[in-house]
Amino acid sequence: MTMTEPVSGRFGDFGGRFVPETLVPACEELEAAFRSAWADEDFRGELNRLLADYAGRPSPLTECHRLSEELGLRLLLKREDLNHTGSHKINNVLGQALLAVRMGKTRLVAETGAGQHGVATATAAALFGLDCVVYMGEVDMERQALNVFRMQLLGAEVRSALSGSRTLKDAINEAMRDWVATVENSHYCLGSVMGPHPYPWMVRELHRVIGDEAREQCRRLLGTDPDVVTACVGGGSNAIGIFSGFVDGDAALVGVEPAGGAAIGRGVPGVVHGSKSYLMQDEHGQVLEAESISAGLDYPGIGPEHSHLAAIGRARYETVTDDEVVAAFELMSRTEGIIPALEPAHALAWVSRAREELAGQSVLLNLSGRGDKDVDQMMGRLVTGGGRTE
Amino acid sequence: MSAEPGPLEAALRNRRSQGGKALVPYVTGGLGDWQATLSAAADAGADAIEVGIPFSDPVMDGPVIQEANDRALAGGITPQGVLDALGRLDIGIPLAVMTYYNIAFRFGLERFASVLAEQGVAAAILPDLPLEEAGPWSEAADAAGVETVLLAAPTASDERLGRICARTRGFVYGVGLLGVTGVRGELATSAVVMAKRLKQMTDLPVLVGVGVGTPEQAEEVCQVADGAVVGSAVVRCMLGEGSPMAVGELIGQFRRALD
Ligand SMILES: Cc1ncc(COP(=O)(O)O)c(C=O)c1O
């Protein structure tokens, strides 16, 4: 299979555009603007230049010799942690910011969980001279305080989302409410492959560069595709980005969700935040509150294309516990000298647990971000006596 | 259009043909003494009532209705609980449920539509279900005889408004401003503009809601519109420990302003 443009915003049974009527024309305008920009060589050239000269692409592929030996497999990391701002999120944001300017918008609105998407959006807003408001759950503002200050340094206003679980889900609600009121001058810079059409498609296209680069890098190193491609899944953007380079080949695709935020692992189809997808919800349709050590994955839903990939069996989705993630976080730090973000530590936690099944195989892991933002939280957990830090 | 107007459309047309303006308050199901509040609203002269089925993530709602949703959910209300209660109620005016699509989707669209009909609910309003996505639900609702009220927003082109007017049932719900529900200091100029645009386009009753928070604002928008939907002002009164009587008194003020 290949990943093409979804017809009417649908990936099989999933996707769509379930938004308040006020936003429908804005989604249509965005869809048309992205389609024309994506077909425009000047736009692509400018984005590629930014990705190279500003964000530092291409990101390297690192073979982990010590960790591979320890796990009994061949582990390769796609180093999105080395991008400017510290995660894969910048790929999407530079594209959307460029598009916002092209559409004549003067203000970016974003939600953020771990703060990485918020930091990337604030960065792009500073770069293009746009106003920027980032919504963040109150709980996340506490556990990712460093990123709150980074956003403020970059000139963004960070507004706390006080409703519900006060995490990513609630930040998205607030961002959508903001956009309903400001749609004439604001672009909603959504941070993952979720939300109403065209976001799941557009954000995937903007992260496709991860998979395209990784495929070339793997073929140079291995002479072929890796046996397994794995990534953590919150909304699913870093995973879709790397999967898109391999979906038409033979590599097994494995998304890793936190046990406390496992839309595919524990959810059933539902509709929230603009699209139909797997969703953790109760028997009455009330959305459940996720609970994960990682603010970036603390989300009860998942992007619709992942639901489709799961439904047709092209990708599979595993869950890992917070404790397994912490062990993986320490393992990578000590054996490779790379402190990962807690989010991609989920993917390593799965690889580590599944090492027997994966024995002797080549495994490409998307290292979606670096761990600087998590050091404080981990210090609370690992140094000062083991309790959760929030 | 269906040949026979449903009970909601009939009630609103009736008010208009008598030269009056329709008043449709919104009450969050499961919040405090909500059932007695519905009766009080009917007694105070409401033409129909929108009853909210609380949802965990109400993206079209501002802080007041969010808080009402949270409180009602914390009190243990379920969609079935709201619908059962509505079935037992007899207040003599049509009721419309207002909820988010996932509630209906999880219930099962056909089952949700038929339960609404069984419990005597005339209509449904699903603010995150725009025209393009409304097909499966509208079919189920039509088959069960439930009127599906569509929203029309200031951002729509005339062409789009035309399609919305053609598909809505009961009335056209004009969104008065760019934004979510909540009481504002003044009526947005977009409210009257919205009403004018819709009135030129359809013979259906045109009601404006979102940002209509005082009797004066309701009166102002009804210079053009056939009626007003009043949500946050009513719910704010309920949240402030407003007794059904106090809410009835508030709705009475709106009624007198429109008469
Ligand atoms: C480093 C990193 N990886 C992954 C994610 C999760 O997002 P997604 O599933 O869209 O890649 C986040 C979100 O904040 C993140 O910061």
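Chain letters run A, B, ... following the sequence lines, proteins first and then strands; every chain starts at 1. This is a predicted model, so every value here is computed, not measured.
Aromatic rings of A:W201 and A:F34 (six-membered ring for Trp) have centroids within the 6.0 Å cut-off, being under it. For an aromatic pair to be called close, the ring centres must be under 6.0 Å apart, and A:Y278 with A:F14 satisfies this.
At least one side-chain heavy atom of A:E111 sits less than 4.5 Å from a side-chain heavy atom of A:H117. Residues B:D226 and B:K199 meet the side-chain proximity criterion, which asks for heavy atoms closer than 4.5 Å. The shortest distance between side-chain heavy atoms of B:S232 and B:I65 falls below 4.5 Å. A:M136 places none of its side-chain heavy atoms less than 4.5 Å from the side chain of A:S160.
Contacts of residues 16-24 of chain A with chain B at a heavy-atom distance below 4.5 Å involve A:G16, A:R17, A:F18, A:V19, A:P20, A:E21, A:T22, A:V24, listed in sequence order. Close approach to chain B, defined as a heavy atom under 4.5 Å from one of its heavy atoms, is seen in no residue of residues 299-307 of chain A.
Only the side chain of A:L279 comes within contact range of chain B, with at least one heavy atom under 4.5 Å from a heavy atom of that chain. Using a 4.5 Å cut-off between heavy atoms, A:V272 touches chain B through its side chain atoms alone. Both the backbone and the side chain of B:P58 have a heavy atom closer than 4.5 Å to some heavy atom of chain A. Residue B:L150: no heavy atom, backbone or side chain, is found under 4.5 Å from chain A. Contact annotation for B:A152: only backbone heavy atoms (N, CA, C, O) come within less than 4.5 Å of a heavy atom of chain A. For a residue to count as touching a neighbouring chain, one of its non-hydrogen atoms must lie under 4.5 Å from one of that chain's; by this rule B:F107 does not touch chain A. Contact of B:L126 with chain A is not made at all, since no heavy-atom distance falls under 4.5 Å.
A salt bridge between A:K105 and A:D131 is absent, with no side-chain N of the basic residue lying under 4.0 Å from a carboxylate O of the acidic one.
Applying the salt bridge (charged side-chain N to carboxylate O under 4.0 Å, His left out) test to residues at least two apart or on different chains, none of the pairs has a partner in residues 270-283 of chain A. For residues 182-211 of chain B, there are no ring pair (Phe, Tyr, Trp, His ring centres under 6.0 Å) pairs, not counting sequence neighbours.
No other option in A:I172, A:D178, A:V180 has as many heavy-atom pairs under 4.5 Å with chain B as A:V180. Interface summary for chain B: among A:E184, A:H284, A:E174, the most heavy-atom pairs under 4.5 angstrom belong to A:H284. With chain B as the partner, the residue from A:M176, A:K169, A:H273, A:E28 showing the most heavy-atom pairs under 4.5 Å is A:K169.
For the side-chain contact (heavy atoms from CB on, under 4.5 Å) test with A:R166, the passing option among A:E138, A:E289, A:M141, A:E142 is A:E138; the others fail.
Counting heavy atoms of neighbouring residues, nucleotides and ligands inside a 6.0 Å radius, atom CD of B:E110 does not exceed 12 of them. Within a 6.0 Å sphere centred on CD of B:Q80, other residues, nucleotides and ligands contribute more than 12 heavy atoms. Enclosure of atom CD in A:E157 by more than 12 non-hydrogen atoms of other residues, nucleotides or ligands within 6.0 angstrom is indicated.
A donor-acceptor pair is defined here as one N or O able to donate and one able to accept, closer than 3.5 Å; no such pair exists between the side chain of B:T181 and the backbone of B:V210.
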